[in-house]
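The structure appears right after this line, and notes come after that.
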Amino acid sequence: MKVIALNAQKLNQMPKQAPIVLALGFFDGVHQGHQQVIQTAKRLADERHLPLAVMTFNRHASRLFQPDSPFRYLNTIDQKNGPYG
C-alpha cells in the first residue's frame with residue numbers, strides 16, 4: 001500500500017492517473033460500516049479490473065462547519081496510516 005499525503009499544491013501537480021475505484025470517507029476507526037464501504041469498493045474494483053484506493057481526511061468535516069463544537073477523534077492520522085505511513 002502506498003500512502004500519499006495531499007495538499008492543494010501537491011494535488012495540482014499530480015499527473016493524470018488511470019481510472020481507479022475510490023472509497024472516500026473520514027474512516028476514523030474502521031468500524032463495520034466503514035469496512036462495508038471499503039469491501040464494496042474492493043468488489044467493484046475487482047469486477048472492473050481497476051486498482052482500489054481509499055482516501056481519508058486528517059480532520060472531520062464537522063470541524064469546518066462547527067469548529068467550536070467538541071469533537072473527539074478515535075485515531076490520529078498516523079494511526080490511520082498504520083505501518084505504511
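Quick caveat, the model's predicted, so the values are computed rather than measured. Numbers here are sequence positions counted from 1.
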Going by side-chain contact (heavy atoms from CB on, under 4.5 Å), name the residues that satisfy it together with Gln36, two or more places apart in sequence or in a different chain. Gln39, Thr40

Taking all heavy atoms of Ala41 and all of Leu52, pick out the closest pair and write down the distance. CB-CD1, 3.6 Å

Identify the two heavy atoms, one from Ala45 and one from Val21, that lie closest to each other, and give their separation to 0.1 Å. CA-CG2, 3.6 Å

Which residues pass the salt bridge (Lys or Arg N to Asp or Glu O under 4.0 Å) test with Arg48, sequence neighbours left out?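 In terms of salt bridge (Lys or Arg N to Asp or Glu O under 4.0 Å), with neighbours along the sequence ignored, Arg48 is linked to no residue.
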
Rounded at 0.5 Å granularity, tell me how far [atom1] in [X] sits from [atom2] in [Y].
X: Phe27; Y: Gln35; atom1: CZ; atom2: CD; answer: 11.0 Å
X: Leu44; Y: Leu22; atom1: CG; atom2: CG; answer: 12.0 Å
X: Thr56; Y: His34; atom1: OG1; atom2: NE2; answer: 8.0 Å

For the pair Ile20 and Leu50, evaluate side-chain contact (heavy atoms from CB on, under 4.5 Å) and give the outcome as yes or no after the intermediate values. CA-CA 5 Å; Ile20 61 169; Leu50 294 171; 5.7 Å; no

Take atom CD in Glu47; do more than 12 heavy atoms of anything else shown fall under 6.0 Å from it?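 For Glu47, atom CD is crowded (more than 12 foreign heavy atoms under 6.0 Å).
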
